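Below: the structure, in structure tokens.
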There are 2 protein chains.
Amino acid sequence: MARGFVTAEEVAKKAGVSRSAVSRTFTPGGSVSKAVRRKVLKAAQELGYRVNRLAQGLNNDRSNLIGVVGANLSSPFISKQLDLLSIGLLRRGLQCLLLNAADARKDIAPLIELLFEFRAQAIVVLSGEPPASIVDECIANGVRLILINQRLDRTDTNMVLSDDSHGADLAAMRLVAAKCRKVAVVSSGSQTPAQLRRAGAFTQRMTVEGIEVVPWSGGPTSYDSGYQAGCELLADKSIDGAFCVTDLLALGFMDAARLEMGRRVPEDISIVGFDDIPQAGWKSYQLTTVAQSFDALTEKVLTALDSDEPETRLQVVPVSMVERITAR
Amino acid sequence: MARGFVTAEEVAKKAGVSRSAVSRTFTPGGSVSKAVRRKVLKAAQELGYRVNRLAQGLNNDRSNLIGVVGANLSSPFISKQLDLLSIGLLRRGLQCLLLNAADARKDIAPLIELLFEFRAQAIVVLSGEPPASIVDECIANGVRLILINQRLDRTDTNMVLSDDSHGADLAAMRLVAAKCRKVAVVSSGSQTPAQLRRAGAFTQRMTVEGIEVVPWSGGPTSYDSGYQAGCELLADKSIDGAFCVTDLLALGFMDAARLEMGRRVPEDISIVGFDDIPQAGWKSYQLTTVAQSFDALTEKVLTALDSDEPETRLQVVPVSMVERITAR
DNA sequence: ATGAAAGCGCTAACAG
DNA sequence: CTGTTAGCGCTTTCAT
């Protein structure tokens with residue numbers, strides 16, 4: 001072998017036992033005598049033996065690999081999610097095979113197919129919507145698929161998502177309480193389902209309340225897009241409230257309002273965001289926002305990994321309003 | 001088999017060819033006739049066959065897996081790095097096995113050992129310092145080890161790091177140019193080597209320039225630590241400059257200065273950071289900072305993956321001063 | 001408790 | 001070009 005890893009065979013020889021004795025020593029619950037175990041452990045130690053998980057997995061058809069696909073890994077929201085998820089997986093003895101889709105919309109299907117080839121036991125999709133054919137293939141191959149903040153219209157997939165519409169409702173009510181008359185709702189140009197749900201529910205509620213809403217969307221989901229939205233929207237002096245479907249957008253919007261368009265926040269305009277990313281709490285912003293619970297989201301994903309209850313398919317995680325200072 | 005993946009054997013039977021014909025069809029450069037190839041492809045398609053990379057790797061002793069270990073994955077700096085790295089790996093046909101060390105200092109060794117078990121071809125360490133014994137084991141097993149922003153005193157490992165001392169020097173010179181008399185240098189309590197180098201080089205330079213420096217360190221590398229540093233340090237009215245070894249610290253420090261301690265930036269105090277994370281460019285901050293080149297860093301890591309040149313072992317990536325508005 | 005032997009899914013060397 | 005054969009490193013019956 002080119003690469004120099006020691007095999008169980010070599011350990012067996014050195015320890016003067018059979019190859020299966022070695023295997024048993026490293027298998028939890030394998031029946032080996034103290035004496036043999038000790039010899040094996042000693043030899044393994046000296047040789048620097050490491051079990052080959054690939055071979056192990058090949059044998060009992062479980063790779064221990066959990067595929068994670070996502071895009072935009074450096075955004076505060078996704079990276080936080082990934083952080084918690086990868087820690088949680090490791091804690092459960094699972095490994096995280098991370099595939100980064102440069103473009104969420106297009107690249108996701110081939111990545112999932114790649115994960116099949118690695119025999120991932122389960123696949124977690126952080127962002128992007130897998131096509132139906134792929135979902136079918138997951139089912140067919142017994143690979144559990146877990147979608148985050150993505151609602152597909154089928155009952156055979158695991159989905160865990162924040163309660164977007166309720167969150168949007170909270171945001172709406174908050175702006176009503178702030179006595180806004182005309183509010184902007186800003187989302188990015190990449191209309192993800194979650195963003196659509198938020199904007200939709202918000203608009204609907206505001207309409208019921210008889211408050212005029214002016215929609216804006218454009219660019220990627222970023223600070224800059226929010227900034228641009230602010231610059232464009234606030235040319236209209238009568239807008240006195242804004243719901244940004246993402247904190248990142250809200251932060252950009254807020255800076256545009258204060259620093260570019262001469263508005264005071266919240267005196268002249270009330271701003272509410274969604275997500276509660278760390279930056280929303282920074283002293284320069286103190287954004288009032290609808291918080292997703294990262295911990296709860298992650299927890300649900302982790303449990304969805306093994307639980308087989310059908311009623312567990314769709315998990316809606318509650319959101320909550322974080323009152324800071326950007327809404328009157 | 002419990003899990004329902006189709007094997008090459010089944011495809012072969014269905015296509016009426018030998019099992020190796022199937023293998024060859026899926027091996028780039030395998031010699032198969034058009035006719036056979038077509039039959040195989042058709043059968044594979046209908047059956048939903050996927051090559052088993054685990055078995056493939058077992059055979060030719062290459063897993064295609066690149067281990068990536070890091071901590072603090074949700075910090076802007078690390079997440080950006082991971083984002084670029086994972087994209088780059090994928091583009092090169094490599095997979096990214098991500099292991100998140102909840103605690104950078106303690107957990108890193110076991111994670112690398114785990115990576116051995118998965119026969120990772122190479123290991124990239126985003127944060128944390130692997131113990132010498134582990135490094136030795138990498139060498140022994142022919143696993144390439146690549147350390148980011150970590151300088152070990154050995155010539156048999158790949159290290160790619162930003163030019164911290166030059167960067168610190170730039171920061172120092174900038175504060176000299178701002179005519180500062182007494183400057184703070186703030187770092188986190190987790191004294192990483194990179195932070196140590198920056199603070200050290202800065203202090204040394206300032207000492208040469210005859211400018212008083214007051215060091216501060218504490219807490220994790222976070223916005224909050226920076227904020228706390230600001231609150232504590234700026235009780236001293238005579239401090240008129242600060243070098244924060246990390247942008248995150250700088251942003252917190254800046255907020256403390258302006259919003260808590262009544263200082264104007266840069267009129268009363270000049271602030272310089274290090275890293276150039278996205279938030280440093282946000283309109284509310286516009287932090288003057290020493291930029292690491294994420295792209296260059298990633299590029300070097302990627303090339304270190306295959307290149308075998310010994311002179312490529314230690315790669316120092318240049319940094320540059322990004323002039324914004326927080327230094328006079 | 002232990003060893004021998006079969007097999008996981010795949011590739012590669014070897015004949016034909 | 002194609003099939004047969006022999007492994008890759010491991011786990012797991014099956015005897016002993």
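The model shown is predicted, which means the values in this text are computed figures rather than measured ones. Lettering follows sequence order; numbering is per chain, from 1.
- Judged purely by distance below 3.5 Å, without hydrogens or angles, the side chains of A/N64 and A/Q56 never pair a donor atom with an acceptor atom.
- Residue B/R62 contributes atom CZ, which lies 18 Å from atom C1' of D/dG9 at whole-angstrom precision.
- One finds a side-chain N or O of B/S18 lying less than 4.0 angstrom from the OP1 or OP2 phosphate oxygen of D/dG3.
- Here C/dG9 presents its P atom at 13 Å from CG of A/N141, a figure rounded to the nearest Å.
- We find that CZ of A/R19 is positioned 13 Å from P of C/dA6, with the value rounded to whole Å.
- With a 4.5 Å cut-off on side-chain heavy atoms, A/E113 and A/I134 count as touching.
- The side-chain tip of A/R50 does not point at the ring of A/F5 from less than 6.0 angstrom away and within 45° of straight on.
- Rounding to whole angstrom units, CG of residue A/N64 and P of D/dC10 are separated by 15 Å.
- Projected onto DNA chain D by closest heavy-atom contact, B/A21 and B/L58 fall at different nucleotides, the more 5' of which corresponds to B/A21.
- Nucleic acid contact class of B/S33 (heavy atoms, under 4.0 Å, all strands): sugar-phosphate only.
- Using a 4.0 Å heavy-atom criterion, one finds that B/R24 contacts the bases of the nucleic acid, with or without backbone contacts as well.
- Proximity of B/S23 to the phosphate of C/dT11: a side-chain N or O atom is located under 4.0 Å from OP1 or OP2.
- Residue-level contact check: A/R53 touches neither bases nor backbone, having no heavy atom under 4.0 Å from any strand.
- For the pair A/L54 CG and D/dG9 P, the interatomic distance rounds to 11 Å; values are reported in whole Å.
- Side-chain N/O atoms of B/S20 include none lying less than 4.0 angstrom from OP1 or OP2 on D/dT2.
- In this structure, CD of A/Q56 is placed 17 Å from P of C/dC8, rounded to the nearest angstrom.
- Rounding to whole angstrom units, CG of residue B/N59 and P of D/dC10 are separated by 14 Å.
- For CZ of B/R91, the number of neighbouring non-hydrogen atoms (other residues, nucleotides, ligands) closer than 6.0 Å is 12 at most.
- Atom CG of B/N52 and atom C1' of C/dG7 are 14 Å apart (whole Å).
- Nucleic acid contact for B/V36: sugar-phosphate only, since backbone atoms but no base atoms lie under 4.0 Å from a heavy atom of the residue.
- Residue contacts for B/F26: at a heavy-atom cut-off of 4.0 Å it reaches no nucleic acid atom on any strand shown.
- By the 4.0 Å N-to-carboxylate-O rule, B/K80 lies too far from B/D295 to be salt-bridged with it.
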